[in-house]
Structures are given as C-alpha cells and as structure tokens.
2 protein chains.
Amino acid sequence: MTEVTDRISRRQVDKFAERRAQLATSALRTLSELGYARTSLREIAQNSEFSHGVLHYYFRDKVELITHCVKVYKAECVTRYDQIVTTAESAEDLREDFAEALAGTCREDAALHRLWYDLRNQALFEESFRTDVLEIDKSLESMIWRIVSTYADLSDRPPSVTPATAYGLLDGLFQQALLRQLSGDPAALEDLRSGVVQTLPKLLEA
Amino acid sequence: MTEVTDRISRRQVDKFAERRAQLATSALRTLSELGYARTSLREIAQNSEFSHGVLHYYFRDKVELITHCVKVYKAECVTRYDQIVTTAESAEDLREDFAEALAGTCREDAALHRLWYDLRNQALFEESFRTDVLEIDKSLESMIWRIVSTYADLSDRPPSVTPATAYGLLDGLFQQALLRQLSGDPAALEDLRSGVVQTLPKLLEA
DNA sequence: AGAAAGTCTTGACGACTGTCAAGAACTCGA
DNA sequence: TCGAGTTCTTGACAGTCGTCAAGACTTTCT
C-alpha cells in the first residue's frame, strides 16, 4: 500500500470512527433517557441527525452498537476521580473531596449512572454484554481502590478490606442514593455524602 | 346481599385471587428467566397452562401484572432472615448465620434476585413502578436493620450507621456477588460470606 | 469530466408487541 | 336439565421492532 492511499484510508477510517462516536453519543443520550428496555434503533436515529438505516452502516447490529456505547461510557467514566487522588494533601481532604464528587456526579450525571446500572443488570440476563460489563466493573473497582488506598496512605493505616469489598460497599451506597435522588428525596445527596464520609475510615485497620 | 350470595361471591373472589396468584407465579418465573426487557405477555402465558388472552381477564394491563408480581415477590422475600434473628444466641452465631444465609440465597435464588434488581432499575426510568419498588426497598432495609440491630445488641455495642447506610452497604456486597456468581466466578459466594463477616463489626461503634 | 468508492435515505420484510372483542367452554344454582 | 354467569380461547387490530436491499447523493481519485 502506498503512502498516499495509506493516508487516505486512515483518513477514511478516522471519519468512520468519528461518525461511530457521534452515533454512539446519540445512542447514549437516548439510552440514558429511556433505559435499555425502551430504546429502539429508530429512536436513537431520531435523536441524531441521521435516518435509522445508517446505524446498520456503522454497526453490525444492535448488540454491537450498545456494546460500543458501553465502551464510550467507560472511557468517560474511569478517570473521573483521579484528579482528587493527585491533588488531595491530607486524608481529610481526600475523604471530603471524594464524598463531594460522588454526590456531585450523582446529581449531575444521574441519567448516565442509571444507564450503567441498567446495562450491568442486562448482563445478568444476556451473556452477550457480560464481558464488557465485567471489564468496566473491574476498572471502576480499580478507580475506587485508588481512592481507598491513597486514603489509607495519607492516614498511615493500611486498608482492612479487599478492593472488591471496598467497591461493593461504596457502590451500594451510591446506587441507593441514585434511586432516592431520582425519586425526589431531597436528603439523598447529603446522606450519600455523610455515608461515604462515615464509611471510608471503616475500610482501614483500627 | 344474602349470606349465601356473600359466601358465593367470596368464593369467587377467592378463586379469582387464586388464579391471579397462579398467573403471577408464571410471570415471575418468566421474568426471572428473561428479564424485564424481553418478557412478553405471550411468553408468560406460554409458561402457564393458559392462553395469552386470559392475562387481560385477570390483570388490567401489563403494568398491573408486573406490579402485582413485584408484591408477590416482596411477600416471599421480606421475612427471609427473621428466623436467624430469633434463633441466634450470640453475636458470632448471628454474624455467621447471616453471611451463610446471604450466600445461600445468592446461589439458590439467583434468578429471583436479578429480577428484583432489574425491576428496581426500571423504577429509575419508569415512574409507574417507583412507588412499589420504594416500598419493597424500604422493607428490605427494615429486614437488614433487624439483623444489624440484633447483632449490635448481642455485641453490647450500638450501631454506628443509619439503617439506610447499613442496607446500602450490604446490598452493594450482595449485588456484586450476584453478578460474579452468575458470571461463573467460583469465589463469588465465599467472598460474599467473608465480606459480610468482615463488614458487620464495622457497622458498630468501636 | 467521468469513474469509483463511500455515505446516507427510503421503503419494505417478517416477526413480535399489548390490547381487545367475539364467542366457545365451562360451572353451578334452580 | 336448563340457563345464567364465569372463565378461557381464538383471532384479529394497529403499532413497533431489527434488519436489509435498492438506489440516490456525496466525496474522492484519475
């Protein structure tokens, strides 16, 4: 392959990938509004500037589209709290900043979070999603563990739980807050914040 | 209304309620196998001994059917651990029995549990389910709190978290174990057990 | 300019959905 | 045994779904 055609095809590939990302964004918006069960390809197309047929030009089928969406979601999500880790100078700072960040994203990105839980639940039924979901879940666990282990370092106390347990516990708090928040409970976010602040020290040795 | 017709109509009402329960059982089985998104009324009927039309004789529409199913689920679920509370004679017993019971039901009733999480997630999108889901969630929280507060009494140490926080934390552990278990992770149940055993003491004052 | 490749729209297909009406089959008291 | 009331089946309806093929439009290369 000559350099020219190489450059060309790369440009085409880039454009192809770009449009895929564009459609995935429309799909993510639709999914986070309607949920997996009620999202159709036609609805996704209507939330974009294209017609419904184009989705099968860029994605083999619905599963590939949603799988791709999930990966886009992951990329957006996974580094969400890393800045907190690097800037916090004391255990107290880290704890408060983390709790505040969780409450903030629970309010701001509620639609996206409920989509994540929806898709993770689909993986309990449909095996086709399981691999990607487990991969994302693992990277979320790592993200949480970076918080917890940094908090442990700053506290001069080692963690007393495994990364999986730490993730499970905090994820449970967050999911509960999300449900309460979307149900209009005004105390949901404050309870999440105080719950996280209370919980973090419990994850360290006495 | 005479006594006779009263007795008759009550019998009819009973039979009516009985058949509703029967159909709800078929619906629950179907839902726990396929998940909310892929369960249709025809599929439910096919998992029963009736034809699809009968569902509209006993339920106004799909929402009423599923709502009714959720309430049946609740009745089955809510007293699941009460025996543990009443029979445990030491904090250590209670802690081990509870962890064992959670691991047991995570294995035995995995399909039903994933359905619960599926429906609770639907409530994040569809407001029609929200009332019933929140009610069940509240009663599950109470169930967990009976465990935790009894454990606190037997330990002679007061709880250090709210009922909501205790439920959120433990539910997070359980949900994680359920995902791992359905994905074939052989360590899922043992990790759930040890996670719960580790966590319970952390819910009490030092 | 013309050809080739890439991109997008349109319209259709078979299958499936929730709902409902007509009537068959059944139950049960008189 | 008859007939009224209850229960259930059948078949149809209007929609929606994922998928795909035919072709129009656009971009790119020669």
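These figures come from a predicted structure and were not determined experimentally. Numbers restart at 1 for each chain; the letters A, B, ... are given by sequence-line order, proteins then strands.
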Begin from the C-alpha positions of Arg80(B) and Asp109(B) and carry the test salt bridge (charged side-chain N to carboxylate O under 4.0 Å, His left out) through to its verdict. CA-CA 12 Å; Arg80(B) 186 170 270 152; Asp109(B) 310 316; 3.6 Å; yes
Given side-chain contact (heavy atoms from CB on, under 4.5 Å), test Tyr151(A) with Leu204(A) step by step and report yes or no. CA-CA 9 Å; Tyr151(A) 176 69; Leu204(A) 307 185; 3.5 Å; yes
Could you check Asn47(B) against Thr30(B) for side-chain hydrogen bond (donor to acceptor under 3.5 Å, both in side chains), going step by step and ending with a plain yes or no? CA-CA 7 Å; Asn47(B) 277 3; Thr30(B) 310; 2.9 Å; yes
With side-chain contact (heavy atoms from CB on, under 4.5 Å) as the criterion, how do Ser142(B) and Arg146(B) come out once you've worked through the C-alpha distance, each side chain's angles and the decisive distance to 0.1 Å? CA-CA 6 Å; Ser142(B) 303; Arg146(B) 284 196 292 277; 4.1 Å; yes
Donor-acceptor pairs under 3.5 Å, side chain of residues 33-40 of chain B to any protein atom, not counting sequence neighbours: which ones?
| residue | atom | partner | partner atom | Å |
| --- | --- | --- | --- | --- |
| Tyr36(B) | OH | Glu126(B) | OE2 | 2.9 |
| Thr39(B) | OG1 | Gly35(B) | O | 2.7 |
| Ser40(B) | OG | Glu43(B) | N | 3.2 |

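Rounded to an integer number of Å, the gap from Tyr57(A) OH to dT26(D) C1' is 11 Å. Residue Arg20(A) contributes atom CZ, which lies 16 Å from atom C1' of dG6(C) at whole-angstrom precision. Atoms NE2 (His56(A)) and C1' (dT19(D)) sit 5 Å apart, rounded to a whole Å. With rounding to whole Å, Phe16(B) atom CZ is found 14 Å from dG5(D) atom C1'. Between the C1' atom of dC17(D) and the CD atom of Gln46(A) lies a distance of 14 Å, rounded to the nearest Å. Between the NZ atom of Lys15(B) and the C1' atom of dT7(D) there is a distance of 7 Å, rounded to whole Å. The nearest whole Å value for the distance from the NE2 atom in His52(A) to the P atom in dT9(C) is 10 Å. At whole-Å resolution of the value, CG in Leu55(A) and C1' in dT19(D) are 11 Å apart.
The side chain of Lys62(A) approaches dT19(D) more closely than any other nucleotide in the set dT19(D), dT10(D), dG18(C). In the set dT9(D), dT7(C), dT9(C), the nucleotide with an atom closest to the side chain of Val54(B) is dT9(D). When the nucleotides dT10(D), dT19(C), dG11(C) are ranked by their closest atom to the side chain of Ser51(B), dT10(D) comes out on top.
Within the structure, the ring-ring contact (aromatic ring centres under 6.0 Å, His included) test picks out the following pairs touching residues 98-124 of chain A (sequence neighbours left out): Tyr73(A)-Trp116(A), Tyr81(A)-Phe98(A), His113(A)-Phe174(A).
Within residues 35-43 of chain A, the residues having any heavy atom closer than 4.0 Å to DNA chain C are, in order of number, Arg42(A).
Contact annotation for Phe50(A): backbone-only contact, meaning every heavy-atom pair under 4.0 Å involves sugar-phosphate atoms and none involves a base. Backbone-only contact: Tyr58(B) has heavy atoms under 4.0 Å from sugar-phosphate atoms and none from a base.
Judged by distance alone, the side chain of Ser149(B) and the main-chain N or O of Trp145(B) form a donor-acceptor pair under 3.5 Å.
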